[in-house]
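Just follow the structure's listing: the first ligand is 1, and inside any ligand the first atom is 1. We're numbering straight along the sequence, starting at 1.
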Amino acid sequence: MPPKPGHFIAVDGIDGVGKSTQIQGLERLMGELDLEFLTTRDPGSSEIGRRLRTLLLESRLTMHRRTEAMLFMASRCEMVETTIRPTLASGTSVISDRFLLANVVYQSVCEGPTEVSPDLLWQMGDLANGGLRPDLTLLLDMPAEQAMRRIEGPTDRMESRGAEYMESVRQSFLTELPRASRFTAVIDAAGSPEQVQAEIRKAVENYLSAST
Ligand SMILES: Nc1ncnc2c1ncn2[C@@H]1O[C@H](COP(=O)(O)OP(=O)(O)O)[C@@H](O)[C@H]1O
Ligand SMILES: Cc1cn([C@H]2C[C@H](O)[C@@H](COP(=O)(O)OP(=O)(O)O)O2)c(=O)[nH]c1=O
């Protein structure tokens with residue numbers, strides 16, 4: 001009898017919203033719930049993914065928006081097929097720091113006319129991921145201006161596009177969230193780390209009671 005598949009939880013939101021901080025809290029919660037888990041990072045979590053991450057985030061190479069989108073998709077395909085899918089099949093849960101929803105919103109928000117629509121990115125993403133979607137998506141939400149004030153150090157390709165772009169990305173996260181997975185939750189990320197963690201705990205407990 002194959003083991004019951006693990007839970008697939010994605011955590012997303014604009015830069016500086018507190019994802020990395022809250023994923024540490026979520027890992028503690030999974031431990032308390034006695035759920036085996038693995039944490040992955042998108043883009044990344046494979047050799048190809050790590051090299052694509054460097055190319056996408058740290059280089060200042062100019063590229064067409066569709067090129068940018070497809071490179072994130074390629075990284076995710078590798079992460080899904082080499083890491084996420086086998087982990088879930090073994091009965092271990094996965095917490096992913098971002099997933100396809102980020103690709104849909106960050107690459108469809110453009111300064112000029114939108115070259116790549118969210119619909120096209122959802123289709124590309126399902127093709128790249130063999131249709132795999134998270135069971136639960138936790139969207140950490142707060143005004144971009146406030147989140148960007150939290151960012152220290154050098155900005156990456158997306159952060160350097162500025163607060164107006166990031167606020168448009170934030171609004172697109174809220175619009176596109178319902179398509180990301182069967183269960184979703186918007187988490188108010190503007191409070192203290194403890195307040196945000198409490199909201200996440202409630203959302204995870206609601207998901208577990210509704211899904212099992
Ligand atoms: N609830 C919070 N209130 C104030 N500062 C926070 C909060 N959560 C995280 N931070 C700080 O904001 C910065 C970005 O947090 P981080 O978890 O790295 O965000 P992300 O991974 O979404 O970019 C870090 O310096 C972190 O300590
Ligand atoms: C997964 C993904 C991320 N991104 C962006 C979001 C972030 O600005 C950046 C990833 O950085 P991020 O996940 O925030 O890592 P760090 O905490 O090191 O900044 O890439 C996309 O534009 N498309 C994608 O498909």
May I ask whether atom 4 (C) of ligand 1 is less than 4.0 Å from at least one protein heavy atom?
yes
Polar contact flag for Val17 and ligand 1 (N/O pairs, less than 3.5 Å)
yes
Which atom of Glu68 lies closest to which atom of Met63, heavy atoms considered
CA-SD, 3.6 Å
Does ligand 1 have an atom that lies less than 4.0 angstrom from a heavy atom of Gly191?
yes
Carefully, step by step, assess Arg179 and Asp126 under the rule salt bridge (Lys or Arg N to Asp or Glu O under 4.0 Å).
CA-CA 12 Å; Arg179 294 179 69 170; Asp126 284 335; over 6 Å; no
What atoms of ligand 2 come closer than 4.0 angstrom to any heavy atom of Asp42?
1 (C)
Would you say that more than 12 heavy atoms from the other residues, nucleotides or ligands in this model lie under 6.0 Å from the CD1 of Ile151, or not?
yes
Looking only at protein heavy atoms, which one is nearest to atom 6 (C) of ligand 2, and how far off is it?
Tyr106 CZ, 3.5 Å
Checking a contact table here: which protein heavy atom is nearest atom 10 (C) of ligand 2, and how many Å away?
Leu57 CD1, 3.7 Å
How close do Leu100 and Gly125 get, counting heavy atoms only, and between which atoms?
CD1-CA, 3.6 Å
Checking the N or O distance criterion of under 3.5 Å, is ligand 2 in contact with Ser20?
no
Identify, by atom number and element, the atoms of ligand 2 in contact range of Arg76, meaning under 4.0 Å from any of its heavy atoms.
1 (C), 24 (C), 25 (O)
Residue, atom name and distance, where the atom is the protein heavy atom closest to atom 5 (C) of ligand 2:
Met158 CG, 3.7 Å
Return the closest protein heavy atom for atom 21 (O) of ligand 1 as residue, atom name and distance.
Ser20 OG, 2.8 Å
The protein heavy atom nearest to atom 17 (O) of ligand 1 is Thr21 OG1, 2.6 Å
Do any heavy atoms of Pro193 fall under 4.0 Å from ligand 1?
yes
Write out the residue and atom name of the closest protein heavy atom to atom 13 (O) of ligand 2, then the distance separating them to 0.1 Å.
Arg98 NE, 2.8 Å
If you measure from each non-hydrogen atom of Ser192 to ligand 1, which part falls under 4.0 Å: side chain, backbone, both or neither?
backbone
Check whether any N or O atom of Asp97, backbone or side chain, sits under 3.5 Å from an N or O atom of ligand 2, and answer yes or no.
no
Please classify the Arg157 to ligand 2 contact at 4.0 Å (heavy-atom distances, strictly less than): side chain, backbone, both or neither.
neither
Shortest non-hydrogen contact between Pro3 and Ala89, atoms and distance
CG-O, 3.5 Å
Heavy atoms only, cut-off 4.0 Å: how does Leu100 contact ligand 2, side chain, backbone, both, or neither?
neither
Determine whether a donor-acceptor pair (N or O, by modelled atom type, separation under 3.5 Å) exists between the side chain of Glu167 and the backbone of Ala144.
yes
What part of Glu68, side chain from CB on, backbone N/CA/C/O, both or neither, has a heavy atom under 4.0 Å from ligand 2?
neither
Any donor and acceptor pair, going by atom type alone, linking the side chain of Arg53 with main-chain N or O of Pro43 inside 3.5 Å?
yes
Note: Arg50-Glu47 ion pair, threshold 4.0 Å (strictly below):
yes
Closest heavy-atom pair and its distance - Tyr106, Arg161
O-NH1, 4.3 Å
Look at atom CD of Glu145 and say whether more than 12 heavy atoms of other residues, nucleotides or ligands are closer to it than 6.0 Å.
no
Under-4.0 Å heavy-atom contact with ligand 2, by part of Asp15 that carries it
side chain
Starting from atom 23 (O) of ligand 1, what is the nearest protein heavy atom, named by residue and atom, and what distance separates them?
Gly16 N, 2.9 Å
Going by the side chain to side chain contact (heavy atoms under 4.5 Å, CB included) test, name the single residue among Thr40, Ile84, Ile9 that passes it with Phe99.
Ile84
Are the side chain of Arg98 and the backbone N or O of Gly13 linked by a donor-acceptor pair below 3.5 Å?
yes
Atoms of ligand 2 close to Asn103 [distance to a heavy atom under 4.0 angstrom, numbered from 1]
23 (N), 24 (C), 25 (O)
Arg53 N/O under 3.5 Å from ligand 2 N/O
yes
Contact check: Gln107 vs ligand 2, nitrogen or oxygen atoms, below 3.5 angstrom
yes
In this structure, atom 25 (O) of ligand 1 is nearest to the protein heavy atom Glu152 OE2, 3.7 Å
Flag, side chain of Gln195 to backbone of Ser192, donor-acceptor distance under 3.5 Å:
yes
Atom 19 (O) of ligand 1: which protein heavy atom is closest, and how many Å away?
Gly18 N, 3.1 Å
Give yes or no for whether the N/O distance cutoff of 3.5 Å, strictly under, is met between Gln22 and ligand 1.
no
Atom 13 (C) of ligand 1 - nearest protein heavy atom and its distance:
Arg150 O, 3.6 Å
Rounding to 0.5 Å, atoms CG (Leu29) and CD (Gln22) come to a distance of 11.0 Å
Closer than 4.0 angstrom, basic N to acidic O: yes or no for Arg201 and Glu32?
yes
Atom 21 (C) of ligand 2 - nearest protein heavy atom and its distance
Phe72 CZ, 3.3 Å
In terms of heavy-atom contacts, Met30 and Ser93 come closest through CE-CB, 3.7 Å
